[in-house]
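Before any comments, here is the structure.
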Amino acid sequence: QNCGEHVMKTLPRTKKGTRSLKRKLEQSFQLESRKNVLGCLSVPINTLAQQNEMRTQAQKTIEALHHGIAEAVGLTSTPEKSSLRKAAHALAELCKQDDLVDMLVDEGAIEAVVMLLDLPRPQYNPSVDNQDLEKEACFILGLLAVKPEYQARISQCNALPGLVRLIKEHKLNNVTKWQPGSGGAARRAADAITNLAHENGDIKNTVREQGGIPPLVALLEALDLKVQRAAASALRTLAFKNEENKAQIVACESLPILIQMLRSEDSGVHYEAVGVIGNLVHSSMVIKRKVLDEGALQPVIGLLTSSCSESQREAALLLGQFATTDADTKAKIVQRGAVPLLVTMLGAEDTSIKEMAAFALGRLAQNGDNQAGVVQAGGLEPLLELLESKHQNLQHNAAFALYGLADNEDNIPDIIRVGALQRLMICAEQLQVQASKDCIQKTITRMEQKLIGPTTLNHVVFMLRSRNKVVQQRAAMSLAKMAPEGQVKSIFVDKRGLDVLLDMLVDKELDASMQHEAANVVVKLAERIQPAPIDCLPAQPVKTVYLGEQYVNNPTLSDVTFLVEGQKFHAHRIALLASSDAFRAMFSGGYREKEATSIEIPNIPWIVFAAMMTYIYTGSMDVPADLASELLQASDQYLLEGLKHLCEVTIAQSLTVDSLAHTFDQSEAYSARKLARDCALFALDHYAELSEQYEPPTFISLLGRMVPHLRASLLEDAT
């Protein structure tokens with residue numbers, strides 16, 4: 001049974017994402033570049049005049065570049081010492097401005113820059129630093145490649161062979177001397193390939209076909225850390241969703257050095273290394289097993305404590321992928337201490353770290369022992385918090401992890417103890433993504449299935465004894481929703497689960513939302529407990545005699561007359577004696593009515609008395625709604641329980657928020673137990689409306705009067 005795992009995906013390249021790639025190139029390049037000869041170009045281009053001025057500048061810069069290239073290949077007279085270098089650097093500065101890029105490309109910037117990679121070296125002017133120009137060219141191509149629409153154009157201009165050549169020429173055993181630690185042209189060539197191949201399957205294939213993968217793998221051995229990082233970044237991009245590239249990267253024996261890089265003290269190095277491995281193992285069980293066989297597991301777990309948040313994120317993602325290998329790998333991940341670290345990451349400020357930590361825990365939670373281990377490590381509460389967040393990926397990963405945790409019977413009491421069931425039910429209603437909602441609903445269903453087991457059920461029932469009132473309340477509410485039907489009486493009568501729920505309704509310290517939830521739970525519990533429809537008639541007295549409606553107020557054989565509102569009402573003692581204890585006492589006891597032939601009824605209207613007598617003579621009637629309250633009073637006075645019940649049913653059917661308090665007063669005044677119960681259940685069922693209508697103390701007081709009646713009624717039904 002699967003409720004949907006986290007699916008790795010590449011987000012489309014957004015404007016923000018494009019600028020971040022460009023900014024990364026610019027920032028690192030500026031640390032090494034010479035003085036900005038065009039500092040004024042940082043001014044935004046707003047007016048038409050400025051646009052024309054910039055176009056003119058772009059044209060001059062590219063013309064100067066073409067002229068310098070022509071001089072370099074010997075087509076013109078001897079060039080000035082640094083004209084080509086200045087032109088290339090000026091173009092690099094122009095390319096840093098988004099507003100100018102399209103204009104520069106239209107003026108032929110790409111074609112000119114690619115030519116810099118192919119200058120014939122024997123004819124090259126020794127006064128112009130070769131690596132300096134090549135580095136400028138790679139940097140410009142990397143900037144332009146940030147825009148997807150220019151990737152293909154750069155490739156079509158045959159830039160890739162030159163870039164691959166620069167990578168091959170790098171000497172691995174030396175730190176670049178052009179500028180210490182800069183990485184030189186090889187680093188910039190790798191950066192350019194990274195941007196060119198980003199989300200571009202054709203260029204990824206072209207790089208492989210041009211022989212670019214083996215030299216990039218070789219660069220992983222470079223002493224220069226910047227070169228090492230750049231090579232790993234390029235391989236990471238080339239491996240993503242490209243099976244042929246992945247196979248060749250692995251075939252080039254890259255795994256041992258990549259795994260060594262995971263232990264690097266340089267955060268940039270181990271970040272890129274874990275990213276390459278992550279893309280290599282994605283959707284490839286063969287490579288995944290090979291990576292694990294090479295010893296990647298422990299260094300990846302070690303990255304969970306890295307000071308680099310990106311490395312933490314990638315390591316968590318990779319552990320989630322490792323966890324799908326087999327049960328043994330899951331066990332090893334846990335045994336080596338990953339779970340506490342992942343649980344700690346659930347509380348990170350970085351959303352992506354939390355997302356990947358939840359992803360990894362969700363994969364690990366497909367194993368029974370791991371499920372218990374995650375809960376014992378404190379993972380339950382932070383996963384619930386992620387489920388309640390506003391981030392949809394966090395919600396889904398947390399939902400999947402919680403679904404796994406609910407598969408372990410030992411976890412169910414802990415899940416209930418922290419109030420997870422109530423929070424899950426709220427999220428099942430509020431979340432927007434249907435897959436997440438479905439996953440939560442399956443988690444709740446799984447909990448219900450686990451609670452059927454006697455051991456789990458006993459654990460949760462035992463929580464009703466907790467000294468912690470909140471734990472008692474959460475246990476009682478969960479049991480009311482999920483306890484097996486045959487256990488309801490035992491739990492809520494014998495073990496006082498009902499008392500816990502009813503006490504919540506009048507607890508002045510309890511949060512209003514919890515009281516509202518308790519109200520809903522009690523209503524549902526009442527539906528489970530009630531043995532028969534509410535409108536069923538109580539058993540009639542054994543001695544009841546029904547003379548029939550034709551004898552109502554009929555003088556024929558009448559032996560007693562009632563005076564009601566000054567009018568005579570003819571009756572028959574035999575029918576009255578059989579109807580209730582009140583009439584039996586009246587006519588057979590020591591009261592004066594025993595011998596009287598005319599009895600005055602001072603407190604009941606004629607229409608009400610006539611309706612009551614109709615019931616006595618027939619044993620049934622449709623109680624008119626407008627007479628129900630007065631008939632209730634009369635039936636209570638004359639102990640006519642059947643009629644009282646009919647009145648209670650009629651009154652309950654017309655209950656409203658406005659009439660509730662008065663109706664409940666009547667139920668108390670006339671000992672109408674079922675009406676009191678109905679008033680209480682109505683109040684709980686309309687908790688939100690009533691809590692708005694009444695001040696909290698008044699509403700709590702009203703519930704306090706209702707609760708004893710509801711308790712007595714539910715206990716009676718349960719037994």
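Sequence positions, counted from 1, serve as the residue numbers for this chain.
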How about [X] and [Y]: do any of their side-chain heavy atoms sit closer than 4.5 Å?
| X | Y | result |
| --- | --- | --- |
| Gln392 | Ser436 | no |
| Leu479 | Val460 | yes |
| Leu640 | Lys644 | no |
| Leu464 | Arg496 | no |

Task: Full working for side-chain contact (heavy atoms from CB on, under 4.5 Å) between Val339 and Gln376 - done: CA-CA 10 Å; Val339 168; Gln376 291 305 309; over 6 Å; no

Task: salt bridge (charged side-chain N to carboxylate O under 4.0 Å, His left out) partners of residues 596-609, not counting sequence neighbours, each pair once - done: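 Every pair satisfying salt bridge (charged side-chain N to carboxylate O under 4.0 Å, His left out) with a residue in residues 596-609: there are none.
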
Task: All pairs passing salt bridge (charged side-chain N to carboxylate O under 4.0 Å, His left out) where residues 681-702 contributes a residue, at least two apart - done: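 Listed by first then second residue: nothing to list.
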
So does [Y] get a backbone contact from the side chain of [X], meaning a donor-acceptor N/O pair under 3.5 Å?
| X | Y | value |
| --- | --- | --- |
| Gln366 | Gly362 | yes |
| Ser701 | Pro697 | no |
| Asp507 | Asp503 | no |
| Lys508 | Ile700 | no |
| His686 | Phe682 | yes |
| Asn370 | Ala365 | no |
| Ser478 | Arg474 | yes |
| Glu549 | Thr614 | no |

Which value, rounded to the nearest 0.5 Å, describes the distance between [X] atom [atom1] and [Y] atom [atom2]?
| X | Y | atom1 | atom2 | result |
| --- | --- | --- | --- | --- |
| Leu424 | Leu384 | CG | CG | 6.0 Å |
| Met356 | Leu342 | CE | CG | 11.5 Å |
| Cys439 | Leu402 | SG | CG | 8.0 Å |
| Leu655 | Cys679 | CG | SG | 5.0 Å |
| Leu710 | Leu715 | CG | CG | 9.0 Å |
| Gln395 | Glu355 | CD | CD | 11.0 Å |

What heavy-atom pair brings [X] and [Y] nearest, and what distance separates the two atoms?
| X | Y | answer |
| --- | --- | --- |
| Arg677 | Ala526 | NH2-O, 4.0 Å |
| Glu388 | Cys427 | CG-SG, 3.8 Å |
| Ile616 | Ala575 | CG2-O, 3.9 Å |
| Val343 | Pro382 | CG1-CG, 4.4 Å |
| Asn397 | Ala358 | CB-CB, 3.8 Å |
| Arg363 | Gly320 | NH1-O, 3.2 Å |

Mind checking what makes side chain to side chain donor-acceptor pair (under 3.5 Å) contact with [X], not counting sequence neighbours?
| X | value |
| --- | --- |
| His709 | Glu668 |
| Glu381 | Arg423 |
| Gln693 | Asp658 |
| Gln666 | Ser629 |

Open item on the list: Which label fits Phe699 and Tyr694: parallel for a plane angle under 30°, tilted from 30 to 60°, or perpendicular past 60°?
Closed with: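 Parallel, since the angle between the ring planes stays under 30°.
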
- [ ] Please work out whether the ring planes of Phe562 and Phe583 are parallel, tilted or perpendicular, with thresholds of 30° and 60°.
- [x]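 Ring orientation, 0 to 90° scale: perpendicular.
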
TODO: Measure centre to centre between the rings of Phe400 and Phe359, then say whether the value is under 6.0 Å.
DONE: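 Centroid distance Phe400-Phe359: not below 6.0 Å, so no.
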
- [ ] Taking the six-membered ring for Trp and the full ring for Phe, Tyr or His, determine whether the centres of Tyr546 and Tyr617 are under 6.0 Å apart.
- [x]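 Aromatic pair excluded; centres sit 6.0 Å or further apart.
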
Has [X] got more than 12 heavy atoms of other residues, nucleotides or ligands less than 6.0 Å from its [atom1]?
| X | atom1 | result |
| --- | --- | --- |
| Asn603 | CG | yes |
| Leu627 | CG | yes |
| Lys437 | NZ | yes |
| Arg711 | CZ | yes |

Task: Ser558: partners by side-chain contact (heavy atoms from CB on, under 4.5 Å), with sequence neighbours left out - done: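 Ser558 satisfies side-chain contact (heavy atoms from CB on, under 4.5 Å) with His570, His572 once adjacent residues are dropped.
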
Task: Partner set under side-chain contact (heavy atoms from CB on, under 4.5 Å) for Ala672, not counting sequence neighbours - done: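 Here the qualifying residues are Leu632, Glu648, Ser667, Leu675.
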
Open item on the list: Between Met425 and Ile440, does the side-chain contact (heavy atoms from CB on, under 4.5 Å) criterion hold? Intermediate values first, please.
Closed with: CA-CA 8 Å; Met425 288 182 167; Ile440 293 171; over 6 Å; no

Task: Residue pair Ser659 / Thr656, side-chain donor-acceptor N/O under 3.5 Å - done: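 There is such a pair between these side chains.
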
Task: Full working for salt bridge (charged side-chain N to carboxylate O under 4.0 Å, His left out) between Lys354 and Glu349 - done: CA-CA 8 Å; Lys354 293 188 284 192; Glu349 293 184 6; over 6 Å; no

Open item on the list: Strictly by side-chain hydrogen bond (donor to acceptor under 3.5 Å, both in side chains), give each pair with a member in residues 455-468 just once, sequence neighbours left out.
Closed with: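 Those involving residues 455-468 do not exist here.
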
Task: Residue pairs, two or more places apart or on separate chains, that pass side-chain hydrogen bond (donor to acceptor under 3.5 Å, both in side chains) and touch residues 424-435 - done: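 Residue pairs with at least one partner in residues 424-435: Gln434-Asp438.
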
Task: Trace of the side-chain contact (heavy atoms from CB on, under 4.5 Å) decision for Gln515 with Asp511 - done: CA-CA 6 Å; Gln515 283 186 320; Asp511 180 79; over 6 Å; no

Task: Presence of salt bridge, Lys330 and Asp369, under 4.0 angstrom - done: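 Result for this pair is no, no salt bridge flagged.
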
Can you give the donor-acceptor pairs under 3.5 Å from side chains of residues 406-420 to other protein atoms, not counting sequence neighbours?
{"residue": "Asn408", "atom": "OD1", "partner": "Asp410", "partner atom": "N", "Å": "2.8"}
{"residue": "Asn408", "atom": "ND2", "partner": "Gly368", "partner atom": "O", "Å": "2.8"}
{"residue": "Asn411", "atom": "ND2", "partner": "Gln371", "partner atom": "O", "Å": "3.1"}
{"residue": "Asn411", "atom": "ND2", "partner": "Leu405", "partner atom": "O", "Å": "2.9"}
{"residue": "Asp414", "atom": "OD1", "partner": "Arg417", "partner atom": "NH1", "Å": "2.9"}

- [ ] Mark yes or no: Arg705 above the aromatic ring of Phe664, with NZ or CZ under 6.0 Å from the six-membered ring centre and no more than 45 degrees from the axis.
- [x]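 Cation-pi check for Arg705 and Phe664: fails.
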
Which pairs would a plain distance check flag for residues 481-492, meaning a side-chain donor or acceptor within less than 3.5 Å of a matching protein atom at least two apart in sequence or in another chain?
{"residue": "Lys481", "atom": "NZ", "partner": "Glu517", "partner atom": "OE2", "Å": "2.5"}
{"residue": "Glu485", "atom": "OE1", "partner": "Arg528", "partner atom": "NH2", "Å": "3.4"}

